[in-house]
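Below is one structure; the comments refer to it alone.
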Amino acid sequence: MIKIPVVKDILEANERIALENKALFDKNKVLVINLMGSPGSGKTSLLELTISALKEKLRIGVIEGDIQSTLDAERISRCGAKTVQINTHGACHLDGNMIRDALPSLNLEELDLLVVENVGNLVCPAEFKMGEDYKVMILSMPEGDDKPAKYPLMFQESSVLLINKTDLAPYLDVNVERIKGESFKVNPRLTIFPVSCKAKQGLEPWFDWILKTYKEKMDAGPVK
Amino acid sequence: MHELSIAQGIVDVVEQEVKRHGLRNVAKIKLKIGELTTVVPEALDFCFSILVKDTELEGACLEIETVPIRGRCLGCKRTFDYKNQGFYFLCPYCGSEIKVISGRELYVQEIEGDEDD
């Protein structure tokens with residue numbers, strides 16, 4: 001019997017594929033956002049509004065991740081974005097490999113912004129890189145203010161947190177400030193936007209963030 | 001349930017190493033898994049046993065070392081155990097931002113098996 005010391009990252013293969021995806025996105029000057037959140041938090045509604053608001057300024061593509069059905073992809077393509085549906089058939093998250101397989105269906109040269117809508121889940125998507133520039137998460141107010149403490153990894157991995165359904169605030173025991181405070185305790189670097197997709201409120205700062213971030217990526221110049 | 005993807009990652013890493021070192025009858029695979037990854041050891045064992053059924057890794061057992069989440073304060077530089085301070089990622093001494101120094105691990109550490117003759 002012999003012992004072989006290894007010390008290798010278990011997700012090494014995924015990280016490698018994610019880096020290859022990232023290189024492809026950078027070469028084609030596409031800003032890539034990995035949008036994560038619980039089922040029903042408002043990921044697809046946010047995307048619909050974002051596409052409608054920005055489609056004159058940016059050429060937008062969407063990869064829709066769902067366990068099954070093409071319901072979300074149909075909603076998104078009605079907004080005028082190039083959409084690819086990935087059905088994971090049970091898997092609870094998207095990974096680098098699935099994104100790589102979806103890319104031939106998108107012409108990256110014709111895109112400025114690619115949003116990947118992950119499978120609704122607060123746990124698993126946080127662990128798997130896909131080559132994105134930013135992870136963005138959306139939490140709806142009815143989910144409560146204990147989510148950052150319960151699901152810290154997703155809050156830590158995210159650059160932006162959208163707090164959705166602020167229109168429901170009068171009916172809830174939580175408030176925006178408290179959710180913000182709890183989120184900052186887990187990740188003080190978060191950029192937070194309280195929004196209501198239903199009432200179409202508070203969305204301008206989020207749209208501006210995308211435009212600013214896109215410009216920053218373009219200004220960074222050609223990638224080596 | 002990200003354990004299945006993680007179990008597949010373990011199989012991929014171990015198969016590579018088995019080939020490289022000419023191993024057979026892999027008996028034990030030592031893993032280092034941080035608590036921040038929220039991997040459930042029982043679920044990982046279960047997924048692994050399904051993936052290796054009827055392969056050369058069948059029968060290998062996973063030995064999981066769980067690594068607690070620890071932080072180092074970026075302000076006062078003290079280190080602390082995250083569980084002892086209410087599951088927040090802020091320094092319990094001065095309230096400053098912290099750096100997570102352990103808890104994110106997801107490694108294959110060591111493989112035990114027989115050498116190929």
Side-chain angles (χ1 to χ4, degrees), chain A residues 1-18 36 65 67 88-99 118-130 145-158 181-190, chain B residues 1-18 20-40 44 48 69 74 82 85-91 95-98 100 103-116:
Chain A
M1 188 72 76
I2 58 162
K3 294 181 179 183
I4 308 281
V6 182
V7 196
K8 263 196 165 175
D9 191 337
I10 293 170
L11 297 182
E12 183 189 65
N14 186 62
E15 309 268 320
R16 198 188 62 240
I17 295 168
M36 309 179 293
I67 290 178
T88 62
H89 302 293
C92 48
H93 58 270
L94 297 175
D95 62 21
N97 206 19
M98 296 183 217
I99 298 305
N118 220 310
V119 180
N121 181 341
L122 282 185
V123 185
C124 313
E127 193 68 63
F128 298 87
K129 294 193 179 81
M130 50 180 66
D145 56 20
D146 55 357
K147 295 301 166 290
K150 283 179 161 179
Y151 304 93
L153 189 60
M154 186 163 291
F155 286 82
Q156 288 196 319
E157 292 286 314
S158 297
E182 291 299 294
S183 304
F184 283 137
K185 284 181 193 166
V186 172
N187 179 2
R189 291 169 189 266
L190 273 173
Chain B
M1 262 307 292
H2 51 329
E3 282 80 3
L4 187 58
S5 305
I6 290 170
Q8 185 61 55
I10 295 169
V11 171
D12 293 345
V13 168
V14 173
E15 278 179 346
Q16 263 179 32
E17 296 299 313
V18 162
R20 179 178 309 160
H21 297 282
L23 286 181
R24 56 187 175 76
N25 302 334
V26 174
K28 193 186 280 180
I29 300 162
K30 287 191 180 176
L31 307 172
K32 212 169 197 174
I33 297 186
E35 287 186 341
L36 204 44
T37 63
T38 60
V39 168
V40 181
L44 188 63
F48 180 77
I69 306 171
L74 296 177
Y82 154 85
Q85 60 115 22
F87 297 96
Y88 291 133
F89 290 82
L90 291 175
C91 175
S96 305
E97 192 177 337
I98 65 155
V100 174
R104 235 8 213 105
E105 294 78 0
L106 214 45
Y107 298 121
V108 176
Q109 283 287 102
E110 194 182 89
I111 305 172
E112 273 185 42
D114 294 330
E115 267 176 301
D116 228 344

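Throughout, protein chains are lettered first and strands after them, A, B, ... in sequence-line order, and every chain is numbered starting at 1.
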Expected contact set for residues 21-29 of chain B against chain A at heavy-atom separation under 4.5 Å reads B/H21, B/L23, B/A27
Those residues at least two apart in sequence (or on a different chain) that pass side-chain contact (heavy atoms from CB on, under 4.5 Å) with B/E110 are A/K3, B/K30, B/E112
Turns out that what part of B/V14 lies under 4.5 Å from chain A's heavy atoms comes down to neither
So, the part of B/Q8 with a heavy atom under 4.5 Å from chain A: the answer is neither
- Item | Any B/L36 side-chain heavy atom under 4.5 Å of A/Q156 side chain | yes
Cut-off 4.5 Å, heavy atoms of chain B, and the answer for A/E15 is neither
Whatever's closer than 4.5 Å to a heavy atom in chain A on B/V13 counts as side chain
So, the part of A/F184 with a heavy atom under 4.5 Å from chain B: the answer is backbone
side-chain contact (heavy atoms from CB on, under 4.5 Å) filter on B/Y107, not counting sequence neighbours, yields A/D9, B/K32, B/E105, B/Q109
Honestly, the part of A/A126 sitting under 4.5 Å from a heavy atom of chain B is backbone
With sequence neighbours left out, the residues meeting side-chain hydrogen bond (donor to acceptor under 3.5 Å, both in side chains) with A/N14 are none
ask   = B/S5 and A/H93: side-chain contact (heavy atoms from CB on, under 4.5 Å), yes or no, with the steps?
value = CA-CA 10 Å; B/S5 305; A/H93 58 270; 3.1 Å; yes
